[in-house]
Amino acid sequence: MRPQTADLRNSSTVTEFILVGFEQSSPSTRALLFSLFLALYSLAMAMNGLIIFITWTDPRLNSPMYFFLGHLSFLDICFITTTIPQMLIHLVTKDHTVSFASCMTQMYLVFLVGVAECILLAFMAYDRYVAICHPLNYAQIMSQQVCVRLVCSSWIFGMVNGIFLEYMSFRNPFCKDNHIENFFCEAPIVIALSCGDPQFSLKLIFLDAIVVLLSPMVLIVTSYARILTSILSRASSSGRGKTFSTCASHLTVVIFLYTSAMFSYMNPRSTHRPDKDKSFSLLYTIIMPMCNPIIYSFRNKEMKGAMGRALGRGNLA
């Protein structure tokens, strides 16, 4: 049953929200979901933590590609921790309320980390382009200073863009229904609950999503188009296979992340249903952070070797 709340339509302000999430499911279903999501969350934390450890400590992985990969895993840990622990708590408790300030904070962190990850994935595609198309100048172009600046710029852009999106999400007062049909404070759903006409905010967030998602996508597509042209004209069959294997992991992550993000932030709200929203939200909040390290480690011999060495040292200790 949905918690009883006062009618907020005649109220001057909303001080808390109720995350509907999976509250309409049966107790046995919620218990099953809690076990499943706890296992996925633990696996994602362990896998991403292992990648951070080996990319920062294994000297054989001292290259820009693994430097970016370590930061991608750190972003995944931040992203999944922003949403999933709260959902796990709500699966086992009857109180699904969150304060106005907590909702704002969660939404800002989701914006910050999500945007930073989109930008970082574009820089990783550029890194692959330089490594394959300009191997002789790779160390000079992708120096340590350049890599640090690229990572910092992704964080800074995420912070600045998050402030803008946060303002657009909460610029109108809230005096309507305070039930959020999701397991976390997702911007389009929250904006739809605000007083007045939310279309202006939704349109600006839509335009922002075009810039944030499609601009990095242009860099990614351009990088891989040049990579494809280069390897088809120069590389042998074995060299092509190795190059495709190196790039396939990154492309897989890009496709999954961008597909789910575009559905959530670049589709009209009239085409959405709560069940679809929750499905895509689960995809990019828990499935993607769990799959990223698996995709990269299973398709990369150096990563598998480094993981084996790290786990071997752990067993010896």
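Bear in mind the structure is a predicted one, so any value in this text is a computation, not a measurement.
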Quiz item: Do the side chains of Tyr66 and Ile51 get nearer than 4.5 Å, heavy atoms only?
Solution: no

Quiz item: What's the spacing between Leu204 CG and Arg171 CZ if we round to 0.5 Å?
Solution: 7.5 Å

Quiz prompt | Ile18 backbone acceptor or donor facing His96 side chain under 3.5 Å | solution = no

Quiz item: Out of curiosity, does Ile141 fall in the hydrophobic cluster containing Ile227 (side-chain heavy atoms, cut-off under 4.5 Å, transitive links)?
Solution: yes

Quiz prompt | Tyr108 side-chain N/O to Met159 backbone N/O, donor-acceptor pair under 3.5 Å | solution = yes

Self-check item: Atom pair CD/SG of Glu186 and Cys103 - distance to nearest 0.5 Å
Solution: 11.0 Å

Self-check item: Transitive ILVMFWY side-chain link Leu120 to Ile156, under 4.5 Å
Solution: no

Quiz item: Tell me, do Leu165 and Ile205 make a side-chain contact under 4.5 Å, heavy atoms counted?
Solution: yes

Practice problem: Identify the two heavy atoms, one from Cys78 and one from Val113, that lie closest to each other, and give their separation to 0.1 Å. | Solution: CB-CG2, 4.0 Å

Quiz item: In terms of hydrophobic clusters joined by side-chain contacts under 4.5 Å, are Ile89 and Leu109 together?
Solution: no

Quiz item: Counting only heavy atoms not in Tyr167, do more than 12 sit closer than 6.0 Å to its OH atom?
Solution: no

Self-check item: Validation row: Arg128, Tyr224 side chains within 4.5 angstrom (heavy atoms)
Solution: yes

Exercise. Measure centre to centre between the rings of Phe67 and His71, then say whether the value is under 6.0 Å.
Key: yes

Quiz item: Within a radius of less than 6.0 Å around CZ of Arg149, do more than 12 heavy atoms belonging to other residues, nucleotides or ligands occur?
Solution: no

Quiz item: Taking the side chain as C-beta and beyond, is there a heavy-atom pair between Phe74 and Asn48 under 4.5 Å?
Solution: no

Quiz item: Checking Gln106 side chain against Thr82 main chain: does a donor-acceptor pair fall under 3.5 Å?
Solution: yes

Quiz item: What's the shortest heavy-atom distance between Phe174 and Cys195, and which atoms?
Solution: C-SG, 3.8 Å

Quiz prompt | Full working for side-chain contact (heavy atoms from CB on, under 4.5 Å) between Tyr129 and His134 | solution = CA-CA 8 Å; Tyr129 158 71; His134 302 283; 3.0 Å; yes

Quiz item: Going by heavy atoms in the side chains, are Met87 and Leu33 under 4.5 Å from each other?
Solution: no

Quiz item: Where do His90 and Asp95 come nearest, in terms of heavy atoms and distance?
Solution: CD2-O, 3.7 Å

Quiz item: Yes or no on side-chain contact (heavy atoms from CB on, under 4.5 Å) for Leu61 and Trp56, after CA distance, side-chain angles and deciding distance?
Solution: CA-CA 8 Å; Leu61 301 182; Trp56 291 359; over 6 Å; no

Quiz item: Are Ile52 and Ile77 close enough that some pair of their side-chain heavy atoms sits under 4.5 Å apart?
Solution: yes

Exercise. Please tell me if the side chains of Cys185 and Ile180 come closer than 4.5 Å, counting only heavy atoms from C-beta onward.
Key: yes

Quiz item: Where the side chain of Thr222 meets the backbone of Leu219, is there a donor-acceptor pair that is under 3.5 Å apart?
Solution: no

Self-check item: Ring-ring centroid check Phe170 Phe100, cutoff 6.0 Å
Solution: yes

Quiz item: Linking I/L/V/M/F/W/Y whenever their side-chain heavy atoms sit closer than 4.5 Å, directly or via other members, would Phe22 and Leu32 fall into one cluster?
Solution: no

Quiz item: What's the verdict on side-chain contact (heavy atoms from CB on, under 4.5 Å) for Leu72 and Leu121, showing C-alpha distance, side-chain angles and the deciding distance?
Solution: CA-CA 8 Å; Leu72 179 65; Leu121 286 172; 4.2 Å; yes

Self-check item: Closest non-hydrogen atom pair, Leu150 against Phe123
Solution: O-CE1, 3.2 Å

Self-check item: CG on Leu228 to CZ on Arg226, rounded to 0.5 Å
Solution: 13.0 Å

Quiz prompt | Heavy-atom closest contact (Cys147 atom, Met142 atom, distance) | solution = SG-O, 3.8 Å

Quiz item: From Ile286 CD1 over to Ile84 CD1, what is the distance, rounded to the nearest 0.5 angstrom?
Solution: 4.0 Å

Quiz item: To the nearest 0.5 Å, what is the distance between OG (Ser215) and CZ (Phe157)?
Solution: 7.5 Å

Practice problem: Using a 4.5 Å cut-off on heavy atoms from C-beta on, say whether the side chain of Leu91 contacts that of Phe183. | Solution: no

Quiz prompt | For the student: nearest non-hydrogen atoms of Pro85 and Ile80, plus distance | solution = CD-O, 3.5 Å

Exercise. Check whether more than 12 heavy atoms from other residues, nucleotides or ligands sit under 6.0 Å from atom CD of Gln144, and answer yes or no.
Key: no

Practice problem: Starting at CZ of Phe200, measure out to CG of Leu202 and round the result to the nearest 0.5 Å. | Solution: 11.0 Å

Quiz item: Are more than 12 heavy atoms from other residues, nucleotides or ligands located less than 6.0 Å from atom CZ of Phe17?
Solution: yes

Quiz item: Is there a donor-acceptor contact under 3.5 Å from the side chain of Ser194 to the main chain of Val190?
Solution: no

Exercise. Decide whether Leu75 and Val160 are clustered together by the hydrophobic rule: side chain heavy atoms of Ile, Leu, Val, Met, Phe, Trp, Tyr closer than 4.5 Å, transitively.
Key: no

Exercise. Would you sort out whether Ile191 and Met168 count as a side-chain contact (heavy atoms from CB on, under 4.5 Å), showing the intermediate values?
Key: CA-CA 8 Å; Ile191 292 174; Met168 296 310 304; 5.6 Å; no

